[in-house]
S.K.: 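Structure incoming, see below.
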Protein chains: 2
Amino acid sequence: MSYEEALKLENQTCFAVYACAKEITRLYQPVLRELGLTYTQYIAMLALWERDAVSVKELGERLYLDSGTLTPLLKKLEAQGLLTRARDAGDERQLLIRLSEAGRALREKALEVPEKVFCQSGVNIEMLLKIRSQMGELMTALQPVAAADQRGD
Amino acid sequence: MSYEEALKLENQTCFAVYACAKEITRLYQPVLRELGLTYTQYIAMLALWERDAVSVKELGERLYLDSGTLTPLLKKLEAQGLLTRARDAGDERQLLIRLSEAGRALREKALEVPEKVFCQSGVNIEMLLKIRSQMGELMTALQPVAAADQRGD
DNA sequence: TTTATTTTAATTGCATACAATTTAATTTGA
DNA sequence: TCAAATTAAATTGTATGCAATTAAAATAAA
């Protein structure tokens with residue numbers, strides 16, 4: 001591809017992924033509204049339903065989010081009564097996030113979310129699975145770069 | 001897939017795309033810093049380099065962004081001297097965005113961006129092309145839903 | 001023509017995102 | 001042991017992102 005072609009918006013893989021991510025988030029919104037969650041709050045709850053009593057750091061690593069994003073988000077979920085935030089007695093630097101009864105109960109309502117969104121999307125399941133696997137490949141390919149950036153080399 | 005499985009973070013296509021989009025944006029950042037642009041500012045400039053003297057509405061349609069995002073972003077680019085913002089004489093409702101000399105000149109430096117980012121990413125070109133085409137398919141599949149939401153049916 | 005409707009940006013308010021810095025706690029090393 | 005280095009969250013500052021509302025201009029309809 002020429003340098004000229006490479007600068008066209010339609011040829012940007014980055015833009016394609018960026019636009020899709022926003023569109024998908026928009027698709028979830030009406031369904032998640034019934035749970036009283038935003039999209040980011042939803043993925044945080046997904047992570048917590050799988051593993052409870054985790055530190056902000058661990059949660060952040062799973063969600064690719066830092067404390068600057070998570071701290072206010074978790075405070076909101078705490079204010080909604082879905083979880084508790086308490087320092088780890090063994091290591092006071094860490095803040096342990098634990099689901100409350102209400103937080104665990106919300107999972108029952110959330111069980112319907114994937115199906116609802118999928119039906120609404122009109123996308124076939126094969127495409128979805130292919131995309132997920134490709135995104136996984138891409139993340140795997142990019143992670144070394146991210147790690148190198150972290151180390152600063 | 002069971003309802004239980006469908007709720008696992010690793011099975012969320014939405015999360016895979018969301019995480020990839022953020023990772024890609026992060027990859028562009030150091031390269032774009034040399035141009036003095038953020039990622040969103042960069043895609044706005046890409047659109048303007050292809051077509052100049054457009055309204056905020058038209059630009060927004062191409063970038064999937066609304067005036068709430070574009071107005072402040074364009075004001076920043078104007079403050080940097082890359083473009084001008086002026087009402088259309090024929091239709092005062094519209095604000096026409098025009099590149100300045102500096103804005104057009106920046107394109108020369110930007111020509112190197114795609115190659116630099118690509119080399120840095122360590123991703124092979126086939127994967128990139130496949131992903132772009134899949135994202136295109138997904139957007140095409142989702143657009144009817146978005147349009148229906150707009151109409152409210 | 002004159003009012004009602006529609007269209008376009010701007011504004012407001014809320015929720016991310018993330019870099020950079022700060023603070024407190026813990027671990028390492030001299 | 002005890003100062004230096006490291007680690008984990010919180011905080012600060014900047015930049016999106018979008019829904020909802022507002023304001024101004026243009027168009028449609030009566």
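As the structure is a computational prediction, the values presented were derived from the model and not from experiment. To find a chain, count down the sequence lines: A is the first, B the second, and so on, and within it residues start at 1.
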S.K.: Go through C/dT11, C/dC18, C/dA9 for me and flag the one nearest to the B/K75 side chain.
M.R.: C/dT11

S.K.: In whole Å, what is the span from the NZ atom of B/K22 to the C1' atom of C/dT16?
M.R.: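 One finds 9 Å between C1' of C/dT16 and NZ of B/K22, rounded.
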
S.K.: Closest approach of B/A141 and A/V123, non-hydrogen atoms and distance?
M.R.: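 That closest heavy-atom pairing would be CB-CG2, 3.9 Å.
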
S.K.: Looking at the side chain of A/T38, which of D/dA15, C/dA9, C/dT16 is the nearest nucleotide?
M.R.: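 Taking heavy atoms from C-beta onward, the closest nucleotide is C/dT16.
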
S.K.: So, the side chain of B/R62 versus the backbone of B/A47: is there a donor-acceptor pair under 3.5 Å, distance only?
M.R.: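 At least one qualifying donor-acceptor pair exists.
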
S.K.: Rounded to whole angstroms, how far apart are OH on A/Y42 and C1' on C/dA15?
M.R.: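 In whole Å, C/dA15 C1' and A/Y42 OH are 19 Å from each other.
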
S.K.: Taking only Lys NZ, Arg NE, NH1 and NH2, and the carboxylate oxygens of Asp or Glu, determine whether A/E78 and A/K75 approach each other closer than 4.0 Å.
M.R.: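 Salt bridge flag = no for A/K75 with A/E78.
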
S.K.: For C/dT8 and B/R87 - does any side-chain N or O of the residue sit under 4.0 Å from the phosphate oxygens OP1/OP2?
M.R.: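 Checking C/dT8 against B/R87, no side-chain N or O comes under 4.0 Å of OP1 or OP2.
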
S.K.: Please determine whether a side-chain nitrogen of the Lys or Arg among B/E50 and B/R107 lies less than 4.0 Å from a carboxylate oxygen of the Asp or Glu.
M.R.: no

S.K.: Could you check how far CG of A/L32 sits from C1' of C/dA15, rounded to whole Å?
M.R.: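 Checked: the CG to C1' distance equals 14 Å.
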
S.K.: Give the rounded distance in Å between these two atoms: CZ of B/R85 and C1' of C/dT11.
M.R.: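 My rounded result for the distance is 13 Å.
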
S.K.: Which of residues 62-72 of chain A have a heavy atom under 4.0 Å from DNA chain D?
M.R.: A/S67, A/G68, A/T71

S.K.: Atom CG of A/L73 to atom P of D/dA9: distance rounded to whole Å?
M.R.: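 Spelled out: CG on A/L73 to P on D/dA9 is 15 Å.
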
S.K.: Quick one: label A/T25 by what it contacts on the DNA or RNA (base, sugar-phosphate, nothing), any heavy atom closer than 4.0 Å.
M.R.: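 No contact.
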
S.K.: For B/L96 and C/dT7, what is the distance between atoms CG and P respectively, to the nearest whole Å?
M.R.: 19 Å

S.K.: Which is more 5' along DNA chain C, the nucleotide nearest B/L74 or the one nearest A/Q41? Just name the residue.
M.R.: B/L74

S.K.: Are the charged groups of A/E58 and A/R51 less than 4.0 angstrom apart, N to O?
M.R.: yes

S.K.: Measure from CZ on A/R93 to P on D/dA9 and round the result to the nearest Å.
M.R.: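 To the nearest whole Å, that distance equals 9 Å.
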
S.K.: Could you check whether B/R33 gets within reach of a base, just the sugar-phosphate, or nothing at all, counting any heavy atom under 4.0 Å?
M.R.: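 Nothing, no nucleic acid heavy atom in range.
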
S.K.: May I have the step-by-step check of side chain to side chain contact (heavy atoms under 4.5 Å, CB included) for A/L70 and A/I97, ending in yes or no?
M.R.: CA-CA 11 Å; A/L70 284 176; A/I97 310 301; over 6 Å; no

S.K.: Nearest nucleotide by nearest heavy atom, which residue falls closer to the 5' end of DNA chain C, A/G90 or A/I43?
M.R.: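 The residue whose closest nucleotide sits nearer the 5' end is A/I43.
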
S.K.: Counting only side-chain nitrogens and oxygens, does A/S55 get under 4.0 Å of the OP1 or OP2 atom of D/dA9?
M.R.: yes

S.K.: Within this structure, what is the CD-to-P distance between A/Q94 and D/dA9, rounded to whole angstrom?
M.R.: 5 Å

S.K.: Should we count CD of A/E101 as having more than 12 external heavy atoms under 6.0 Å?
M.R.: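 Counting other residues, nucleotides and ligands, CD of A/E101 stays at 12 neighbours or fewer.
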
S.K.: Categorize B/E58 for me: base, sugar-phosphate, or nothing, with a 4.0 angstrom heavy-atom threshold over every strand shown.
M.R.: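 The residue B/E58 makes no contact with any strand.
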
S.K.: Please walk me through it: do B/Y64 and A/Y18 pass ring pair (Phe, Tyr, Trp, His ring centres under 6.0 Å)?
M.R.: CA-CA 10 Å; B/Y64 308 102; A/Y18 160 89; 8.7 Å; no

S.K.: Report yes if at least one side-chain N or O of A/Y18 is closer than 4.0 Å to OP1 or OP2 of D/dG17; otherwise report no.
M.R.: yes

S.K.: B/L95 has a side chain; which of C/dA25, C/dA9, D/dA9 sits nearest to it?
M.R.: C/dA9

